[in-house]
Chemist: 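After the structure tokens below, expect a handful of questions from me.
Not measured: the values here are computed from a predicted model. Note: hydrogens, waters and symmetry copies are ignored here, and every other heavy atom, side chains too, is used. Convention: sequence-line order gives letters A, B, ...; per-chain numbering from 1.
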Amino acid sequence: MRVFVISMLIIVTRRTFMERKYDFEAIEAKWQAYWEENHFYEVTEDTTRPKYYALEMFPYPSGNLHMGHVRNYAIGDVVARFKTMNGYNVLHPMGWDAFGLPAENAAIKHGSHPAKWTTANINNMKAQLKTLGTSYDWNREVATCDPDYYKFTQWMFLKLYEHGLAYKKSAAVNWCPSCQTVLANEQVVDGACERCEASVDKKQLEQWFFKITDYAQRLLDDLEMLPGWPDKVKTMQRNWIGRSEGCQFSLAIEGLDERITVFTTRPDTVFGITYMVLAPEHPLVAKLVAGRPEEEPVTEFINRMKHLNEMARTSTEAVKEGVFTGAYAINPMNDERIPIWIANYVLMDYGTGAIMAVPAHDQRDFDFARKYDIPIRVVIKSEDTPLDGSQLVEAYAGDGLMVNSGDFDGCSVTEGQARVIAYMEEKGIGEGTINFRLRDWLISRQRYWGAPIPIVYCPQCGTVPIPIKDLPVLLPLEVEFRPSGESPLNYVQEFYQTTCPVCGGEARRETDTMDTFVCSSWYFDRFCSPQETELPFTREAADYWMAVDQYIGGVEHAILHLMYARFLTKFLYDIKMLKVQEPFTNLLTQGMVLKDGSKMSKSKGNVVSPEEIIQTYGADTARLFILFASPPDRDLEWSDQGVEGAYRFLHRVWRLVTGSIETLQDVSRPTEYKELDPAAKALRFKTHATIKKVSSDIEERFNFNTAISAIMELTNAINTYGDQQEQDLCVLKEAVDTLLILLSPFCPHITEELWEMMGGANSIHLQSWPTYDPAALVQDEIEIVLQISGKVRDRIMAPPDASEDELRALALDNPKIKELTKGQNIAKIIVVPRKLVNIVVKP
RNA sequence: GCGGUAGUGGCGGAAUCGGCAGACGCGCUAGAUUCAGGUUCUAGUCUGUGCAAGCAGGUGGAGGUUCAAGUCCUCUCUACCGCACCA
């Protein structure tokens with residue numbers, strides 16, 4: 001038998017309940033302990049439920065949580081809790097990006113040990129993180145400096161080595177004199193070290209590289225597979241990869257048995273070459289000038305370039321300059337003699353370090369040619385450009401037809417490119433190629449606090465990888481720190497003195513460690529099976545959990561971390577460890593937390609400490625404010641008064657709920673609602689409209705700010721309804737329950753406490769996310785705007801399903817409209833059902 | 001220089017598909033509560049004008065498309081971010 005609980009109409013004496021204070025400190029501690037004791041957020045694979053992997057970028061354990069972390073983890077926690085309440089089996093882990101320079105610098109400065117310093121910081125930050133009330137499965141915690149973890153970072157290295165993707169070469173690398181180590185290209189910003197901002201030098205060193213360039217095309221193409229990533233990040237990655245199509249060909253050198261290879265994207269302009277340029281570092285330069293009168297000025301020029309830092313060398317502002325080498329090359333297309341120059345504007349690390357110069361059609365070459373009086377020959381002619389190069393005011397890079405180009409005259413630019421390449425390939429001069437700006441990933445670091453590179457150098461066997469069964473290569477703890485430009489491991493005899501795994505003879509270990517970005521390129525895989533001892537992760541666990549459904553972190557990692565993680569994921573896919581090709585299905589890049597318009601920093605003295613905020617107002621307030629103040633992808637301006645506002649709101653909720661416990665405690669919600677009075681109906685409408693809005697704001701838009709404002713509106717509506725003399729307690733109960741559930745992902749503690757006080761079943765966080773009742777959203781009447789020529793003149797109430805004709809009739813019958821349109825010609829009437837009627841008049 | 005994002009009250013922001021600009025919060029004003037301050041509650045708060053109902057103007061600026069533009073198009077200014085001699 002079905003039982004209908006008929007809506008009750010009861011006269012209520014309001015707020016007679018003895019109100020308990022909102023003691024956030026006690027409440028937050030109580031529930032954090034409860035969740036932990038009851039293993040609330042620990043998960044295992046469960047094939048009966050859909051999985052969801054929510055991940056925030058794990059922090060470097062600097063010692064203290066800052067507001068950026070709070071924002072990051074508050075956002076992630078809302079997503080994780082929301083998905084859990086929607087029936088997903090949610091993996092939400094946390095760990096530590098625990099290797100890196102600051103630990104070592106702190107060790108040098110304070111005489112502490114990096115391991116000790118790091119562990120202390122992790123403990124401190126973990127405690128801080130726990131006071132935030134985040135729903136992490138701490139059983140899966142990892143720290144990259146843990147031998148159980150870096151054993152598998154070394155495993156990654158060995159697998160890459162095995163597949164020819166890790167190699168050692170001597171290269172001119174970025175050297176940070178302050179950090180006393182080399183840096184990857186990605187870690188050099190404006191010619192300065194990304195970390196310490198010291199000016200970066202070039203140094204010729206033997207270093208280990210990962211061959212990320214083998215994956216350049218896939219890294220580029222597969223961005224298409226990521227509709228859930230911000231376009232901004234994808235664009236940045238595309239630019240970084242920097243694919244350009246063109247051709248490569250070599251030129252003979254007059255009087256020398258050597259050839260110079262150049263890359264160009266404009267093979268259609270090869271007949272316009274009037275000189276060529278080598279980078280000052282180009283290996284052939286010395287041979288070209290040997291014994292010539294030009295040798296001295298050239299050497300002088302090269303020395304001068306060497307002493308300029310990266311910034312001064314490569315800046316667009318830098319004036320182009322160069323010197324003639326005295327040598328000539330031969331244009332393979334027409335056998336012309338081409339003078340060879342060296343100049344600052346050609347870079348050794350892009351293309352081949354040498355260019356063909358076509359001043360008529362390249363602005364840089366044009367500027368240079370004008371400066372040094374080198375002829376300019378037009379080979380692409382448009383209707384508006386001169387044929388005589390000396391008349392050009394600037395290089396012409398546009399479309400046109402080939403001229404002065406022998407058999408190729410008359411070809412269009414695109415046609416010419418294809419034909420020249422075909423000709424070169426036929427004659428064996430050159431070939432069509434694709435060039436990338438992306439360089440191989442330099443992973444050697446001359447520092448101590450990192451994962452040792454698992455390689456030994458044997459006088460007999462050469463470079464020998466450590467067998468996987470012998471991992472980890474342990475980082476010795478007894479080390480002396482002296483910033484010398486060499487790895488401190490160079491002074492630890494017990495470490496570097498070893499035996500060769502192949503021949504058993506005496507051998508020397510590699511003493512460089514790996515870039516920490518290697519460690520962070522696969523941690524999300526490790527979270528799937530963090531206790532696994534044989535492999536970095538088990539296939540079964542990774543097949544179940546990967547890919548990360550929602551990744552959240554700062555945009556500063558748009559290139560570095562995200563590119564490296566994508567690369568390693570593709571490699572793991574290739575060696576059949578993973579079945580996904582991309583690690584992060586959806587990416588949310590959060591904005592910065594600002595104070596007084598600029599990023600919080602110690603030097604500016606505008607840092608707000610999360611610890612203090614949590615102590616003063618509680619985690620729920622901190623979370624609420626930070627989520628309410630701005631949409632997550634935009635920068636957020638910190639406001640102490642805004643925090644007060646969030647705190648006040650929670651007090652309002654507290655009073656509202658505690659004030660109604662007595663009357664609502666024993667009320668059960670009916671399965672059907674009938675004959676509600678207008679006020680009750682309006683509240684029920686608001687309740688369900690709020691469910692609808694909050695759900696879509698979280699799910700579809702990540703607009704937590706508008707979700708929270710909708711919850712605030714519901715709170716206001718409940719309060720207003722409370723002023724009614726006669727209240728429908730079922731509707732009120734539904735509204736209050738809904739308010740708490742909708743607020744629970746944002747403010748997990750206060751809602752849990754109030755839920756318990758209301759006598760709610762088990763934990764609020766184990767409740768299902770509510771679904772809205774479409775019937776409750778049906779209104780008898782809705783407001784229709786009446787406009788005359790686009791200006792609002794009146795508003796009327798009409799049934800929501802009123803037809804266009806009915807609305808038109810209602811509008812024309814409206815007294816105010818009648819008055820204002822009297823004697824006017826009605827040119828047109830636009831009716832938008834459920835919205836407005838616009839009467840267009842012509843005077 | 002190239003690419004991107006943004007510009008809306010005193011402030012943070014809202015307006016999701018071209019349809020009532022300013023939701024929600026902060027701040028401010030007035031009143032109530034209070035010994036007082038704070039808290040809390042009530043009312044107000046884009047600008048001009050008016051006692052008021054109202055009327056007019058208003059989303060960085062200038063044009064345009066449209067019955068209707070914060071939203072679309074063209075030009076332009078400003079701020080921030082990314083790339084920057086990439087051959």
Chemist: Between B:G27, B:G25, B:C55, which one does the side chain of A:Met712 approach most closely?
Modeler: B:G25
Chemist: For nucleotides B:A69 and B:G64, find the distance between their P atoms and express it as a whole number of Å.
Modeler: 13 Å
Chemist: Using whole Å, report how far CG of A:Leu594 lies from P of B:C81.
Modeler: 10 Å
Chemist: Would you tell me if any nitrogen or oxygen in the side chain of A:Lys599 comes within less than 4.0 Å of OP1 or OP2 on B:C81?
Modeler: no
Chemist: In whole Å, measure the gap between the C1' atoms of B:G19 and B:U66 for me.
Modeler: 12 Å
Chemist: Distance check, C1' atoms only: B:C77 and B:G10, in whole angstrom units.
Modeler: 24 Å
Chemist: A:Arg652 near the nucleic acid: base, sugar-phosphate alone, or nothing, with a heavy-atom cut-off under 4.0 Å?
Modeler: sugar-phosphate
Chemist: In dot-bracket form, 5' to 3', how is RNA chain B paired? Count Watson-Crick and G-U wobble pairs only if both distances fall under 3.5 Å, and write | where the partner sits on another strand.
Modeler: (((((((..(((......[....)))((((((.......))))))((((....))))..(((((..]....))))))))))))....
Chemist: Please give, in whole Å, the distance from B:C24 P to A:Gln641 CD?
Modeler: 19 Å
Chemist: Provide the distance between the two P atoms, one in B:U42 and one in B:U49, to the nearest whole Å.
Modeler: 31 Å
Chemist: When all nucleic acid strands are considered with a 4.0 Å heavy-atom cut-off, which category describes A:Asp367: base, sugar-phosphate, or nothing?
Modeler: nothing
Chemist: Rounded to whole Å, how long is the line connecting atom CG of A:Asp349 with atom P of B:A87?
Modeler: 13 Å
Chemist: Taking only N/O atoms, report every protein-nucleotides 12-16 of chain B pair under 3.5 Å with atom names and distance.
Modeler:
residue : atom : partner  : partner atom : Å
B:G12   : O2'  : A:Ala629 : O            : 2.7
B:G13   : O3'  : A:Asn705 : ND2          : 3.4
B:A14   : OP1  : A:Asn705 : ND2          : 3.1
B:A14   : OP2  : A:Arg634 : NH2          : 2.8
B:A15   : OP1  : A:Arg701 : NH1          : 3.1
B:A15   : OP1  : A:Arg701 : NH2          : 2.9
B:U16   : O4   : A:Lys693 : NZ           : 2.3

Chemist: Determine which pairs satisfy side-chain hydrogen bond (donor to acceptor under 3.5 Å, both in side chains) with at least one residue from residues 623-635 of chain A, sequence neighbours left out, and list them in order.
Modeler: A:Asp77-A:Arg623
Chemist: Closer than 4.0 angstrom, basic N to acidic O: yes or no for A:Arg266 and A:Asp268?
Modeler: yes
Chemist: Does a side-chain N-to-carboxylate-O contact under 4.0 Å join A:Arg243 and A:Glu245?
Modeler: yes
Chemist: Indicate yes or no: does A:Glu224 engage A:Arg238 in a salt bridge with an N to O separation below 4.0 Å.
Modeler: yes
Chemist: Test of understanding: with ring-ring contact (aromatic ring centres under 6.0 Å, His included), list the residues that count as partners of A:Trp638, not counting sequence neighbours.
Modeler: A:Phe625
Chemist: Side chain of A:Ser709: nearest nucleotide among B:C55, B:A23, B:A87?
Modeler: B:A23
Chemist: Taking atom P in both B:G9 and B:G1, compute the distance separating them and give it to the nearest angstrom.
Modeler: 29 Å
Chemist: Considering residues at least two apart in sequence or located in another chain, which fulfil the salt bridge (Lys or Arg N to Asp or Glu O under 4.0 Å) criterion with A:Lys686?
Modeler: A:Glu713
Chemist: Partners of A:Thr433 by side-chain hydrogen bond (donor to acceptor under 3.5 Å, both in side chains), sequence neighbours excluded?
Modeler: none
Chemist: NZ of A:Lys371 versus P of B:C85: gap in Å, rounded?
Modeler: 17 Å
Chemist: Quick check for you: among B:A87, B:C83, B:U40, whose closest atom lies nearest to any side-chain atom of A:Thr264?
Modeler: B:A87
Chemist: My understanding is that only residues two or more places apart in sequence, or in another chain, count here; which of them pass ring-ring contact (aromatic ring centres under 6.0 Å, His included) with A:Phe249?
Modeler: none
Chemist: Grab the CZ-C1' distance between A:Phe625 and B:C11 for me, whole Å please.
Modeler: 11 Å
Chemist: Could you tell me which residues satisfy salt bridge (Lys or Arg N to Asp or Glu O under 4.0 Å) with A:Glu699, sequence neighbours excluded, listed by chain and number?
Modeler: A:Lys83
Chemist: Rounded to whole Å, how long is the line connecting atom CZ of A:Phe746 with atom C1' of B:C24?
Modeler: 13 Å
Chemist: Could you tell me the separation between the CG atom of A:Asn719 and the C1' atom of B:U42, rounded to a whole number of Å?
Modeler: 13 Å
Chemist: Rounded to the Å, how far apart are A:Asn838 CG and B:G18 P?
Modeler: 18 Å
Chemist: Considering only B:G19, B:C85, B:C55, which nucleotide approaches the side chain of A:Tyr345 most closely?
Modeler: B:C85
Chemist: Can you list the residues that meet the ring-ring contact (aromatic ring centres under 6.0 Å, His included) rule with A:Tyr617, with sequence neighbours excluded?
Modeler: A:Tyr647
Chemist: Under 4.0 Å, heavy atoms only, any strand: does A:Ser639 hit a base, just the sugar-phosphate, or nothing?
Modeler: nothing
Chemist: Taking the minimum atom-to-atom distance to the side chain of A:Val840, which one of B:C55, B:C67, B:G19 wins?
Modeler: B:C67
Chemist: When you check the phosphate oxygens OP1 and OP2 of B:G27, does a side-chain N or O of A:Arg648 lie under 4.0 Å from one of them?
Modeler: yes
Chemist: Can a side chain N or O of A:Arg655 be found less than 4.0 Å away from OP1 or OP2 on B:C41?
Modeler: yes
Chemist: Would you kindly check whether a donor in the side chain of A:Lys320 faces an acceptor in the base of B:C85, or vice versa, at under 3.5 angstrom?
Modeler: yes
Chemist: What do you reckon, are the aromatic ring centroids of A:Phe368 and A:Tyr275 less than 6.0 Å apart?
Modeler: yes
Chemist: For RNA chain B, determine which residues of residues 230-248 of chain A have any heavy atom closer than 4.0 angstrom to one of its atoms, and list them numerically.
Modeler: A:Lys232, A:Met236, A:Ser244
Chemist: Applying side-chain contact (heavy atoms from CB on, under 4.5 Å), can you list everything that pairs with A:Pro375, at least two apart in sequence or on another chain?
Modeler: A:Thr274
Chemist: Enumerate donor-acceptor pairs with a distance under 3.5 Å from any side-chain N or O in residues 827-835 of chain A to protein atoms, sequence neighbours excluded.
Modeler:
none

Chemist: With the 90 degree cut-off around zero defining syn, does B:C24 come out syn or anti?
Modeler: anti
Chemist: Kindly point out which of B:A87, B:A23, B:G19 is positioned nearest to the side chain of A:Tyr350?
Modeler: B:A87
